[in-house]
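Quick notes on the structure that follows.
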Protein chains: 2
Amino acid sequence: MMSDDASALSTAQRLRQEIENDIAAGHLMPGERLDEVSLANRFHVSRTPIREALQQLAMAGMVEIRPRRGAVVASLTPERLYEMFEVMAELEAMCCRLAARRLGPADAVALEKAHRACEAVRQDHDAYYRANEGFHKAIYAASGNDFLAEQARQLQRRLQPYRRLQLRVRNRVQNSFSEHERILAALMAGEGEEAAGIMRPHVQVQGERFSDLIASLKLMGAA
Amino acid sequence: MMSDDASALSTAQRLRQEIENDIAAGHLMPGERLDEVSLANRFHVSRTPIREALQQLAMAGMVEIRPRRGAVVASLTPERLYEMFEVMAELEAMCCRLAARRLGPADAVALEKAHRACEAVRQDHDAYYRANEGFHKAIYAASGNDFLAEQARQLQRRLQPYRRLQLRVRNRVQNSFSEHERILAALMAGEGEEAAGIMRPHVQVQGERFSDLIASLKLMGAA
DNA sequence: CTCATCATTCTTGTATACAAGAAAGTGTCG
DNA sequence: CGACACTTTCTTGTATACAAGAATGATGAG
């Protein structure tokens, strides 16, 4: 039996994923230097594939390469961060609109499951953070537009180091969960615009929440 | 006086741009093989920076790298193409919404200028194609969201090889121009939703236009 | 004549050597 | 004591050598 292993990854791509994970997980902080030799030693490869991985990350916006001066983890200004959240909100709103129209039985089941997973852990910030990610990804998938889903996941990943801080704010988890509930209901009812309208402010970081984000950003020590 | 030359590009980045231009310009066709040695000879460099450029292009979705089997210009299935146009339409609609709210005097001038440039060349398909690009880019810029503008430009670039074929369809230029006119008027009047509503179908490729696209796609010989 | 198997050739993947620019450390002079 | 120039060290950028997998072509059997 042949497994059409389309998921075959080159070494550089695997390395990219590893480093990307470290960035998304907050193990590598914005502004931090990415030394080619250290990375090469760490992964037991030469600098060549490491450099290829760094070039990929640069295109993904996760690192910044200053010619002749090395690569650093990309650090975003508050303005840019705001812009990215604004786009993220719109992409997710779009996912809602499409999902409401195209929702299949399998998608509906996956959505409810993801939602109940959130409910189960809403006392635990960190666990909720992960479950929340699952709920949002279920919506991307339900949009029926694979390209859109990929774009959404990619941007979500890029914002992850910053988003993590968001849920620590008092009552945020509780509010988040009840917003999920309303979104889910709207999707099931086929009310795309309704769902989109709830999703937008759910994702976007405005007003007080933005100030909170900036404050915690300073705590991170990002340049 | 100091010119903060942030535009300093590494060799790999320059090479990426060159190859990307060839793809966008249709000089390199979808499915075409990108031989590392040939490219290295052509640009008078070794394979190393070429490979770095190819990794970047892979992340940008412009080429596909099959491990151990080399890189080819990415060729999109009709489904994926449809999905990408759907997202493009939404991004541009979002630009409209934001631009209508935030439009500054400089943006307004730039928009009108770009529009008149379109008008001046509407007898010439190829010239209109370029002017059209300018009009859309002016809207991206007017959104006031630099990240959004970059995303829009990047996706536009990716769709360029396919979009080129669109305007050849009978009357498409005339229709396009009159849609521009209505979008411009709505933007100037601050009617963001109105502008977005015209932009969406202006960009999205649906119904007959999609069939036309698929037909010309087959002519391209893309796998 | 067609298909399968093996040898050959070509291309990609990786390490390494070397070149050259940036950073850091040292000493001297004001 | 502080600033500046110079030297040394370290890091990145590029080419090249070699290894290994894929494509290609030849040869032989059915």
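Note that the coordinates shown come from a computational prediction; the quantities given were computed from them, not determined experimentally.
In this structure, S10(A) reaches neither bases nor backbone, as no heavy-atom distance under 4.0 Å exists between it and the strands shown. Among the protein residues, R68(A) comes within range of the nucleic acid bases, having at least one heavy atom under 4.0 Å from a base atom.
Rounding to whole angstrom units, CG of residue D35(B) and P of dC10(C) are separated by 12 Å. H44(A) has its NE2 atom 15 Å from the P atom of dT14(C), to the nearest Å. Atom CD1 in I65(B) sits about 14 Å away from atom C1' in dT11(C), given to the nearest Å. Rounded to whole angstrom, the span from the CZ atom of R47(A) across to the C1' atom of dC18(C) amounts to 11 Å. One atom, CZ of F43(A), and another, C1' of dT14(C), lie 17 Å apart when rounded to the nearest Å. Rounded to an integer number of Å, the gap from CD of Q55(B) to P of dG13(D) is 16 Å. If you take CZ of R51(B) and P of dT11(C), they are 14 Å apart, rounded to a whole angstrom. Computed from coordinates, the R66(A) CZ to dT12(D) C1' distance equals 12 Å when rounded to whole Å.
No N or O donor and acceptor, one from the side chain of R69(A) and one from the base of dG13(D), sit under 3.5 Å apart.
One side chain, E133(A) or Q160(A), offers a donor N or O that lies under 3.5 Å from an acceptor on the other. Of the N and O atoms on the side chains of E150(B) and Y140(B), not one donor lies less than 3.5 Å from an acceptor on the other residue.
Between H115(A) and F135(A), the ring planes are tilted. Angles from 30° to 60° get that label.
Contact annotation: S46(A) side-chain N/O to dA15(C) OP1/OP2 distance is under 4.0 Å. Distances shorter than 4.0 Å separate none of the side-chain N or O atoms of T48(B) from OP1 or OP2 on dT16(D). Contact annotation: R33(B) reaches the phosphate of dT12(C) (side-chain N/O to OP1 or OP2, under 4.0 Å).
The shortest side-chain heavy-atom distance between Q17(A) and L9(A) falls under the 4.5 Å cut-off.
Each of E36(B) and P67(A) was matched to the nucleotide of DNA chain C holding its nearest heavy atom; the match closer to the 5' end belongs to E36(B).
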Exercise for the section: Kindly determine whether Q55(A) and Q55(B) satisfy side-chain hydrogen bond (donor to acceptor under 3.5 Å, both in side chains), including the steps that lead there. Expected result: CA-CA 7 Å; Q55(A) 299 282 356; Q55(B) 299 282 355; over 6 Å; no
